[in-house]
Amino acid sequence: MSERVENDMPLANVAAGAPRVIRVEGFEAPFFLAESERDAYLRRFSTLFVDERRGRRGGLGRVFHATNALGEQLAVKTLIPPQNDEGRNESDEELLRAAFRREYECQRSLALLRGFPRLFGYGTIDGAPAIVMEWVEGVTLAEAREELAVDAEGRVSPLTVARMGRDLFELVSRLSIVGGGLVHRDISPANIMVRTTHRSLARQRTEGSFDLCLIDFGSAEPAASEGSPSRSFTAAHGATRHATADYAPPEMLSDDIAAVEWQRHSTAVDVYSVGSVLCELLGGEPPFPGASRAASPYRLKTETEPTRPAPAHDAAGDLAEVLSCESEVAVIVAPLALERDLSPHSEELASALSRVDGQIVDAVMSCLLADQRLRPNPELMRDEFDGLSEHYGKNIRHALAGEPLVSPSAGRSLARDGRLSPSRRALRVGGRLGGGVIGMSVALATAWLVGQGDPGRITIVAALLVAPSALALLVRWRNVSGRTGLLLGGGVLLAASAGSALGLWRLAGLGERLSGVLAALFVCACATWLILVIDYASGNFPTPLGATPTFARALGSGD
C-alpha cells in the first residue's frame, strides 16, 4: 500500500498527534475476489485514518493503529527503510522488501486460522510496502504477566502456566497444518497477544482458557522435513532476521552449526521458545537470565544448564499470601485443607503443592534441551499440559495422601524418535520387520510364479509390486512420527499402487493370473501401510498408564 499523509509527509516522519488521513495505493487482497466484489473491497481500505500514537516496532517494520470509513479497527505495518542515507544500498533495500513480502505470504497462509491476526491486504505507503491486518485488541503476554503475577518477582500460578502452555502449544501445532508447515522462529512474550475483546484477562484466568494470538511473522519460514531442507530467506539472500536471545534455542544464535539451515526449519525451534516463555512465567525469569547481554548466547545455552524455575509455591515466604492471589488454586486447595485440618501455612500443604508443581516444571524443562532432536513434539506438549491442568486438583489430593501422582502423559512417548521407550522402539522395529518380510516375500513369490522362468518378466512383475512401497517409504523418509509423513506416505502408496495395477493389467501374458497378481499387490500395499501406521502410532498414541516413563523418569528425576 502506498500511503500518503497530509502535506505529502511520510507516515514515519509525521509528528505524533491527531489521526492522519492515509491513501493506500496498489492495494491487493489476500484472496480471490469476484469482479463484482473487488471495487467495494478495495475502497474499504483505500483511505485509512492512522494514529501514530498507538504504534510499536515489530520485526522488519513498525505497526500503527488505524481505522477506515466503516470504523473497523485495523493495524498497518510498514517496512522501516534504512536510516543511513549515505550508506544506503539499493540491493539491501530490495532484500528487505522481499523479506517483508515473505512475511505477508506467511501471514496470508494463516489468516483464516484462529489464533492469528486476520489479514486484509498488501500494498505500499508513500512508496514503502505495508500490510493491512486486524488490530488485535488486548495485551502482550509481557504486559499480561504483570496482572497475572502472584508475587513480587512476577511469577504466575503454576496452574495458570500449565493452561497457558496448553494454549500456546495449540497455536504452534496449528502452524504445522498450513501447507508443509511454518515455523515462527521468534516466539517471545512480546509476540504473544492475549485478546481481551470478548473476555477480560481476569475472566480468562478464572475460566482456565486463554484467547491467545501469535503475531509478528518477520522471522517465520516454511518447515522442512529432515533430509530435504529448504533454504531460508536469510541463507538465500543474506537478510538479517534476528530471534530474541532470551527465548531462542541455540541453533538460532549461531551460524557455526552443522546442518543449521535444516535445524532452523524445525518445529523444535518454537518448542524451545515456548518452553522459555513458560519458564519465565513459572520462575519470574528466563531459563538463561542475561542471555541477551552475554558475549555468546549460543555458548551460554550449549555449555551450561538452564536454570530450573522455582514456582511461586516453592519460593513463597507466606503460602497463604500466594494462594490469596490465585483464586483458581485456592478453590481447589480449600476443601482439601479442611478435610485434613491443614492451615494455609502448613508445611504439608506446601510440600504437596511443590510436588504437583514439579510435574509442570519437568514438562517445561523438557522443552529446553540443547539438542533439538530430543525436544518433545508440540502436539504432545499440548496434550501434556492439558493433562497437567486437568489433573492438578486430583494430584494435590494424591500428594497429600502420599499416593503416586497421575501421569498427565498417560504413557505417551513424548520425545522424538531417538527418545522412544524400549517398548515403543520394539513395536516400531517389529512392525517394520513384519511388514517388510510380508511385502517382500509376497512380491518375490508372486513374481517367480507368474514369470515362468523368464528373468525379464520376473523382474518387471517384482518391480511393479515393490515400487509403490518403496516410493511411499522414500517420500515419507524420516518423518516417521509426523502426521504429514503418514498422510504423504499413504497418498503416494495409494497413487503408486494404482499405477502399478495399471501396469500389470497392460502386461501381456498374465491372463487368468492377473487377479492373483493384483491380490499380491494389495497385500504388499497393506504391509507397507502397516509400517506407516505403526511408525506413527508408536510416536503419538497413548498406551495404558504406566507402560512407559513419565516426564520425570524420562528426564532422570523425581517420581
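In this text, all values refer to a predicted model and were calculated from it rather than measured experimentally. Atoms considered below: every heavy atom in the structure, side chains included; atoms not considered: hydrogens, waters and symmetry mates.
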Within a strict 4.5 Å, meaning less than it, do heavy atoms of the [X] and [Y] side chains meet?
X: Val271; Y: Gln372; result: no
X: Glu384; Y: Phe169; result: no
X: Pro378; Y: Asp270; result: no
X: Pro158; Y: Gln359; result: no
X: Ser276; Y: Leu368; result: yes
X: Thr67; Y: Trp135; result: no
X: Leu353; Y: Leu319; result: yes
X: Glu379; Y: Ser176; result: yes

Who passes salt bridge (Lys or Arg N to Asp or Glu O under 4.0 Å) against Glu339, sequence neighbours left out? Arg397

Does Asp371 have any salt bridge (Lys or Arg N to Asp or Glu O under 4.0 Å) partners at least two apart in sequence or in another chain, and if so, which? Arg373

Ion pair check, [X] and [Y], cut-off under 4.0 Å:
X: Glu328; Y: Arg163; value: no
X: Glu326; Y: Arg205; value: no
X: Arg195; Y: Glu134; value: yes
X: Glu170; Y: Arg382; value: yes

Met365 versus Pro306, closest heavy-atom pair with distance: CE-CG, 3.7 Å

Which atoms form the tightest heavy-atom contact between Pro311 and Val361, and what is the distance? CG-CG2, 3.6 Å

Considering residues at least two apart in sequence or located in another chain, which fulfil the side-chain contact (heavy atoms from CB on, under 4.5 Å) criterion with Pro189? Leu141, Ala142, Tyr247, Val277, Glu280

Residue set satisfying side-chain contact (heavy atoms from CB on, under 4.5 Å) with Ser354, at least two apart, ordered chain then number -> Asp314

Taking [X] for the side chain and [Y] for the main chain, is one N or O donor matched with an acceptor at less than 3.5 Å?
X: Arg145; Y: Gly154; value: yes
X: Ser273; Y: Val269; value: yes
X: Asn395; Y: Val406; value: yes
X: His184; Y: Asp216; value: yes
X: Arg155; Y: Pro309; value: no

Is the NZ or CZ atom of Arg375 positioned over Tyr272's six-membered ring, under 6.0 angstrom from the centre and within 45° of the axis? no

I'd like to check the side-chain hydrogen bond (donor to acceptor under 3.5 Å, both in side chains) partners of Gln263; sequence neighbours left out, ordered by chain and number. none

Quick one: CE on Met164 to CG on Leu278, what's the gap to the nearest 0.5 Å? 8.5 Å

Considering only residues two or more places apart or on different chains, which pairs with a residue in residues 292-301 satisfy side chain to side chain donor-acceptor pair (under 3.5 Å)? Arg299-Glu303

Distance flag, aromatic centroids of Tyr104 and Phe100, threshold under 6.0 Å: no

What do you reckon, is CZ of Arg118 surrounded by more than 12 foreign heavy atoms closer than 6.0 Å? no

Would you tell me whether Ser346 and Arg340 have side-chain atoms, one donor and one acceptor, within less than 3.5 Å of each other? no

Stepwise, does the salt bridge (charged side-chain N to carboxylate O under 4.0 Å, His left out) test hold for Arg264 with Glu221? CA-CA 8 Å; Arg264 288 177 176 176; Glu221 288 284 348; over 6 Å; no

